[in-house]
Amino acid sequence: MRKEIQIMDTTRLDGIVPSLLLWFSETARELPWRSDPTAYHVWVSEIMLQQTRVEAVKPYYARFMEALPDIRALAGCQEERLLKLWEGLGYYNRVRNMQKAAAEVAERYGGEFPSEFEELLTLPGIGRYTAGAIASIAYGRAVPAVDGNVLRVISRICGNEEDIGKQSVRMLFEKEIMRILPAEAPGTFNQALMELGAVVCVPNGAPLCAECPVREFCFAFETGRQQELPVKAAKKQRRIEERTVLVIRDGERTVIRQRPKKGLLAGLYELPNYPGFLSSDEALALVKSEGWEPIRIKELEKAHHIFSHVEWRMEGYLVLVEELEKADGDSWLLIEPERAEREFPVPAAFTAYTKYLNIRLGQKKYREDD
Ligand code: SF4
């Protein structure tokens with residue numbers, strides 16, 4: 001028999017709407033995408049905000065909008081330029097899917113996002129949360145938008161002890177939110193709930209219950225169980241990969257290569273890197289096998305980078321060579337480091353080593369330019 005989900009008390013949600021809306025009207029953060037919440041603006045910001053903090057997203061958002069101010073500009077953008085705009089945000093399939101969705105919106109809907117939740121769901125990369133955010137915030141449709149913040153807040157208010165990673169829990173929360181969603185301000189309510197999770201009912205450490213506008217309704221506050229909720233299943237362990245990264249340069253140029261079009265970091269540009277931890281002799285032998293003549297080798301610091309399913313543990317060498325020359329048919333690009341910073345999308349996984357080329361990537365570049 002199918003097990004029913006136990007929600008301790010969803011009637012606790014009944015009274016939260018007025019207090020939450022009042023609190024939001026008085027304290028909402030001013031965010032660039034909130035000043036003119038068109039479907040395009042809501043969409044781009046929501047996709048960027050998945051896995052990334054608000055402060056880190058702001059400069060990306062500004063540059064993205066400057067470069068690609070509307071759906072058609074995004075649909076027609078050259079792929080490398082698009083990946084460069086996304087460099088450092090990670091999860092690059094998100095922006096590839098955005099471009100596919102933009103092409104569909106341009107073709108099927110004349111460049112205007114559809115306003116209905118179900119239609120939005122048919123577009124590449126748009127799931128229930130993003131569809132709910134666009135439909136409610138940009139078009140005032142009465143649909144929920146349940147992200148991780150909302151799952152946490154509702155779990156604590158209602159005393160939900162089921163794993164919030166389950167689709168059945170998400171669907172039940174959507175149903176409960178639908179029940180209380182104010183018809184005159186669904187987008188504002190959804191944003192208020194997300195905001196509460198982002199700034200008050202925070203995930204790590206103690207939530208700021210003393211500042212919470214809905215604490216009188218909250219199960220976790222009443223019972224002191226804030227740290228136990230929400231319940232989340234343990235994540236699968238990441239696979240560990242050891243790699244050796246080589247920073248190879250002559251007086252002027254360095255070496256990069258485009259990664260395969262499929263798989264991890266597909267289509268991005270990388271520094272030469274090899275499986276396992278190589279000794280300096282093994283690294284020199286590799287450099288020679290490419291046809292370059294090493295002059296000096298220096299060991300660099302260790303680094304690591306975490307992807308969703310894999311963690312790279314890296315060691316590195318800086319190898320100074322006689323003049324770099326390209327052999328016929330090889331896939332290396334020999335370029336001035338400034339060109340790599342300007343034109344080629346290089347993933348943040350290499351940040352520890354690109355500094356030896358004076359290249360700044362993604363977030364670091366944006367922070368220093370601002
Ligand atoms: Fe979260 Fe505390 Fe507010 Fe409950 S009272 S919703 S635990 S911040």
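Numbering of ligands and ligand atoms starts at 1, following listing order.
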message: Ignoring hydrogens and geometry beyond distance, is a side-chain donor-acceptor pair present between N149 and R152 at under 3.5 Å?
response: yes
Residues R313, E311: salt bridge by 4.0 Å N-O rule: yes
- prompt: Got a sec: is C212 within less than 2.8 Å of atom 3 (Fe) of ligand 1 via an N/O/S atom?
  reply: yes
Between CG on residue L357 and CD1 on residue I256, distance to nearest 0.5 Å: 9.5 Å
task: Among all protein heavy atoms, pick out the one at the shortest distance from atom 1 (Fe) of ligand 1; state its residue, atom name and that distance to 0.1 Å.
output: C201 SG, 2.4 Å
task: Could you please spell out the steps behind the salt bridge (charged side-chain N to carboxylate O under 4.0 Å, His left out) verdict for E119 and R108?
output: CA-CA 11 Å; E119 275 180 296; R108 273 168 54 196; 5.8 Å; no
Protein residue, atom and distance nearest to atom 2 (Fe) of ligand 1, heavy-atom basis: C209 SG, 2.3 Å
- request: Go through ligand 1 atom by atom and flag the ones less than 4.0 Å from a non-hydrogen atom of R215.
  value: 5 (S)
- line: ligand 1 atoms nearer than 4.0 angstrom to some heavy atom of C218 are 4 (Fe), 5 (S), 6 (S), 7 (S)
field: Numbered atoms and elements of ligand 1 in range of F221, under 4.0 angstrom, heavy atoms
entry: 5 (S)
task: Determine, stepwise, if the pair R253 / E336 fulfils salt bridge (charged side-chain N to carboxylate O under 4.0 Å, His left out).
output: CA-CA 4 Å; R253 294 176 304 169; E336 294 76 31; 5.1 Å; no
- prompt: Does F307 have its ring centroid less than 6.0 Å away from the ring centroid of H305?
  reply: yes
task: Using a strict 4.0 Å cut-off to heavy atoms of Q226, name the atoms of ligand 1 that fall inside it.
output: 7 (S)
